[in-house]
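Each chain gets a letter, A, B and so on, in the order its sequence line appears, and its residues count up from 1. Please read these numbers as outputs of a predicted model, since none were measured by experiment.
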2 protein chains.
Amino acid sequence: MKGPRHLGELQLAILRALWQQGDSAVSDVHAALRDRGLALTTIATMLRKMEEKGLVAHRENGRQFLYRARVAPELVQRNLVSELVSRLFDGDPLELVNHLLRAGEIELDELDALRRKVAEAERNAPRERP
Amino acid sequence: MKGPRHLGELQLAILRALWQQGDSAVSDVHAALRDRGLALTTIATMLRKMEEKGLVAHRENGRQFLYRARVAPELVQRNLVSELVSRLFDGDPLELVNHLLRAGEIELDELDALRRKVAEAERNAPRERP
DNA sequence: CCTCGATTACTACCATGGTAGTCGTGATTC
DNA sequence: GAATCACGACTACCATGGTAGTAATCGAGG
């Protein structure tokens, strides 16, 4: 289960569309990204390239190709975040949270609420330890 | 005060070296990144390109060029993190923290300790409001 | 049948980050 | 003062992400 290391901007946007919408025709993805004003063929090409890399897969439905993501959002998030953390915060994830606080992106009470929520969830479904 | 949007991998590493070491000759930066096995000229070229973009500046010291970063680490962090958050977590920074917890990158008690520490610091030096 | 419209495949192209080779210049040393 | 060395500048080059034009295919409607 290797992680995709160098996702481009557009590729990530396409993955997000697929995650959100499930199986999608090229035109569906194109519609989801219409704010970018890209040609339909651009999306099609990108999907084909991404299939070569194993990021997506397709099945045929009549004339259409229905694409789906082959990588889980959690996996992509894990890779991208940990890459950012190592590049920017010396590999210390806590420093990232610290940054968010100091930059005013999150507030103490929000953090507190989240902390409580997660603690609650953990109590109900305890993590298995490897 | 614009933020550099698309920092490459090497450029960020160079910036980190400059932040850490202060004014540095090309050879200093090269030494700091020796694990990558790059040529000295690669570093020199990169620094020149980065100077064109306003990321670094240099002054002459005898024969040497001493480079320094012209962008603050906080600014770069803010841009890169907020870009990641918008790309990956729908612009919600709290979702990022949530991810860190679920992925086991940080632990609840670490978060708690940090929360306390920041609250303490805030008490001593309250935030100015814009 | 034959044409039209929708759809994807193929392919050429561009911009950019990154890499390194070669050159000029000035200092050092004998 | 000539040979050598250290250093950065300049430049050519490559790989890759992204962009879009053109061609091929196939169903539908007459």
What nitrogen or oxygen pairs link the protein and nucleotides 27-30 of chain C at under 3.5 Å?
residue : atom : partner : partner atom : Å
C:dA27  : O4'  : B:R63   : NH1          : 3.2

Exercise. Taking the inter-plane angle between the rings of B:Y67 and B:H58 on a 0 to 90° scale, is it parallel (under 30°), tilted (30 to 60°) or perpendicular (over 60°)?
Worked result: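 Rings of B:Y67 and B:H58: tilted, as their planes differ by 30° to 60°.
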
For this session: Check the surroundings of atom CZ in B:R115: do more than 12 heavy atoms from other residues, nucleotides or ligands lie under 6.0 Å from it?
Result: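 Check passes, neighbour count above 12.
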
Problem set entry | Sequence neighbours excluded, every pair satisfying salt bridge (charged side-chain N to carboxylate O under 4.0 Å, His left out) that has a member inside residues 37-50 of chain A | A:R48-A:E52

Exercise. Pairs in or reaching into residues 20-38 of chain B: which pass salt bridge (charged side-chain N to carboxylate O under 4.0 Å, His left out), with residues at least two apart or in two chains?
Worked result: B:E9-B:R36, B:D23-B:R59

Problem set entry | ring pair (Phe, Tyr, Trp, His ring centres under 6.0 Å): pairs with one or both residues in residues 13-55 of chain B, sequence neighbours excluded |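 Non-adjacent pairs meeting ring pair (Phe, Tyr, Trp, His ring centres under 6.0 Å): zero.
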
Exercise. With distance as the sole test, does A:R16 use its side chain to make a donor-acceptor pair with the main-chain N or O of B:R87 at under 3.5 Å?
Worked result: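 Answer holds: yes.
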
For this session: Check whether any side-chain N or O of B:T42 sits under 3.5 Å from a backbone N or O of B:L40 as a donor-acceptor pair, and report yes or no.
Result: no

Problem set entry | Nucleotides bounding contact with chain A, strand DNA chain D, heavy-atom threshold 4.0 Å | D:dG17 to D:dG27

For this session: Give the C-alpha distance, both sets of side-chain angles, the deciding distance and a yes or no for side chain to side chain contact (heavy atoms under 4.5 Å, CB included) between B:L80 and B:L84.
Result: CA-CA 6 Å; B:L80 261 45; B:L84 184 86; over 6 Å; no

Exercise. Sequence neighbours excluded, which residues qualify as ring-ring contact (aromatic ring centres under 6.0 Å, His included) partners of A:H99?
Worked result: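 A:H99: ring-ring contact (aromatic ring centres under 6.0 Å, His included) contacts with A:F89.
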
Exercise. For DNA chain D, which residues in residues 38-50 of chain B have a heavy atom at a distance below 4.0 Å?
Worked result: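 Those residues are B:T41, B:T45, B:R48.
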
Problem set entry | Of residues 12-36 of chain A, the positions that come close to DNA chain D - non-hydrogen atoms, cut-off under 4.0 Å |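 Listed by number, there are none.
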
Exercise. Looking at residues at least two apart in the chain, or sitting in another chain, which of them share a side chain to side chain contact (heavy atoms under 4.5 Å, CB included) with B:N61?
Worked result: B:Q64, B:L66

Exercise. Within a strict 4.5 Å, meaning less than it, do heavy atoms of the A:L38 and A:L33 side chains meet?
Worked result: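 No, every pair of side-chain atoms sits at 4.5 Å or beyond.
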
For this session: List in chain and number order the residues that pass side chain to side chain donor-acceptor pair (under 3.5 Å) with B:Q77, two or more places apart in sequence or in another chain; answer none if no residue qualifies.
Result: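 B:Q77 satisfies side chain to side chain donor-acceptor pair (under 3.5 Å) with no residue once adjacent residues are dropped.
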
Exercise. Can you list the residues that meet the side chain to side chain donor-acceptor pair (under 3.5 Å) rule with A:R116, with sequence neighbours excluded?
Worked result: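 Side chain to side chain donor-acceptor pair (under 3.5 Å) list for A:R116, sorted by chain: A:D112.
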
For this session: Evaluate the criterion side chain to side chain contact (heavy atoms under 4.5 Å, CB included) for residue pair A:E95 and A:D90; output intermediate values, then yes/no.
Result: CA-CA 8 Å; A:E95 270 308 304; A:D90 261 316; over 6 Å; no

Exercise. At what angle, to 10 degrees, do the two end axes of the helix from C:dC1-D:dG30 to C:dC30-D:dG1 meet, given five pairs define each axis?
Worked result: 20°

Exercise. Are A:E74 and B:R102 close enough, and set up right, to give a side chain to side chain contact (heavy atoms under 4.5 Å, CB included), and what steps lead you there?
Worked result: CA-CA 10 Å; A:E74 294 78 21; B:R102 275 192 309 219; over 6 Å; no

For this session: For A:E52 and C:dA9, give me the distance from atom CD to atom P, rounded to whole Å.
Result: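 These atoms are roughly 11 Å apart.
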
